[in-house]
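All ligand and atom numbering here is 1-based and tracks the order in the structure. Every heavy atom of this structure was used, including side-chain atoms; hydrogens, water molecules and symmetry mates were not. Here, residue 1 is the first one in the sequence, and each next residue gets the next number. What you see is a predicted model; the values in this text were computed from it and never measured.
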Amino acid sequence: MRTQIVAGNWKMNCNLDESQHLLNALKQKDFSKADVEVVVAPPYTNLYAAHQSLKDSSIKISSQNINENEKGAFTGEVSPDMLKSVGVEYVIIGHSERRAIYAESDELLAKKVTAALKHDLKIMFCIGEVLEQRKADKHFEVVKEQLEKGLFHIGASDMKNVVIAYEPVWAIGTGETASPEQAQEIHEHIRKVLADKYNADVAEQTSILYGGSVKPNNAKEIFAKKDVDGGLIGGASLDADSFAEIVMSF
Ligand code: 13P
């Protein structure tokens, strides 16, 4: 069976105190009844403290980004080895905000994927179309191309360390969500693209998360869909009760 995952992408929110406060609140929650891997992605500055604070917890830590180089003159950047050394297990690569605001290209994302795998970091690889592409009925093509250009240079055996997050850009932070049917339809498509590129096994084993305005009141319906294996949560992950409710929607 595929791993079900609920991950909180905190984006550029929470200073150290706020981060510790949120983690403490999350540690009080009993996630044991949900058969779900819980992941949080605090900002870089809070990762080490998060690792210390979550030592006795099953909650895993992700970074929100990674640099593709080993080390050196890359002012302001954070290397795979640095992330590893502070207890990071997952990295988010290709979030639409990085693609759009920081102009991260498919080629760059492909390098980040290679760098993360080299350092035994698991990847949450984000894909998703913008509104114009959805309106033009191009979303199936768009996600396929994003996978081909950013991810498909890796071999089938590396896919066990990859989770895909489908996040339609028009649903991020907008309060608008894909309907459960829209999510299912495109997740099924993504799984087929994986089967065509790799094999049926890889397609069957790869967790595909939905992201985009997932809230406690819509998570259950979305997660109930056959090809939706969890969620990548933005805004609602900043509130321990909301995030826990989403986790418990499984
Ligand atoms: P929201 O849940 O705030 O829409 O954000 C989704 C997201 O971008 C998670 O990576």
Inset, instruction - Would you list the pairs meeting ring-ring contact (aromatic ring centres under 6.0 Å, His included) in which at least one residue belongs to residues 101-145, sequence neighbours left out? - result: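 For residues 101-145, and leaving out neighbouring residues, the ring-ring contact (aromatic ring centres under 6.0 Å, His included) pairs sorted by first residue read F140-H189.
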Between side-chain atoms of residues 243-250 and protein atoms elsewhere (two or more places apart, or another chain), which donor-acceptor pairs fall under 3.5 Å?
{"residue": "S249", "atom": "OG", "partner": "E245", "partner atom": "O", "Å": "2.9"}
{"residue": "S249", "atom": "OG", "partner": "I246", "partner atom": "O", "Å": "3.0"}

Legend entry - Contacts of N217 that satisfy side chain to side chain donor-acceptor pair (under 3.5 Å) - sequence neighbours left out: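 None.
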Legend entry - Atom NE2 of H21: over 12 foreign heavy atoms under 6.0 Å: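 It does not: H21 NE2 has 12 such atoms or fewer within range.
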Inset, instruction - Please confirm whether Y198 and F152 have ring centers closer than 6.0 angstrom. - result: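 Between Y198 and F152, the centre distance is under 6.0 Å.
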Do any nitrogen or oxygen atoms of ligand 1 lie under 3.5 Å from a protein nitrogen or oxygen, and which ones?
{"residue": "ligand 1", "atom": "2 (O)", "partner": "S213", "partner atom": "N", "Å": "3.4"}
{"residue": "ligand 1", "atom": "2 (O)", "partner": "G234", "partner atom": "N", "Å": "2.9"}
{"residue": "ligand 1", "atom": "3 (O)", "partner": "G235", "partner atom": "N", "Å": "2.8"}
{"residue": "ligand 1", "atom": "4 (O)", "partner": "G173", "partner atom": "N", "Å": "2.6"}
{"residue": "ligand 1", "atom": "4 (O)", "partner": "S213", "partner atom": "N", "Å": "2.8"}
{"residue": "ligand 1", "atom": "5 (O)", "partner": "K11", "partner atom": "NZ", "Å": "3.3"}
{"residue": "ligand 1", "atom": "8 (O)", "partner": "K11", "partner atom": "NZ", "Å": "2.8"}
{"residue": "ligand 1", "atom": "8 (O)", "partner": "H95", "partner atom": "NE2", "Å": "2.8"}
{"residue": "ligand 1", "atom": "10 (O)", "partner": "N9", "partner atom": "ND2", "Å": "3.0"}
{"residue": "ligand 1", "atom": "10 (O)", "partner": "H95", "partner atom": "NE2", "Å": "2.9"}
{"residue": "ligand 1", "atom": "10 (O)", "partner": "E167", "partner atom": "OE1", "Å": "3.2"}
{"residue": "ligand 1", "atom": "10 (O)", "partner": "E167", "partner atom": "OE2", "Å": "2.9"}

Inset, instruction - Indicate if Y210 and V38 have the same hydrophobic cluster label, given that clusters are the connected sets of ILVMFWY residues with side-chain heavy-atom separations under 4.5 angstrom. - result: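 Looking at the clustering, V38 is in the same group as Y210.
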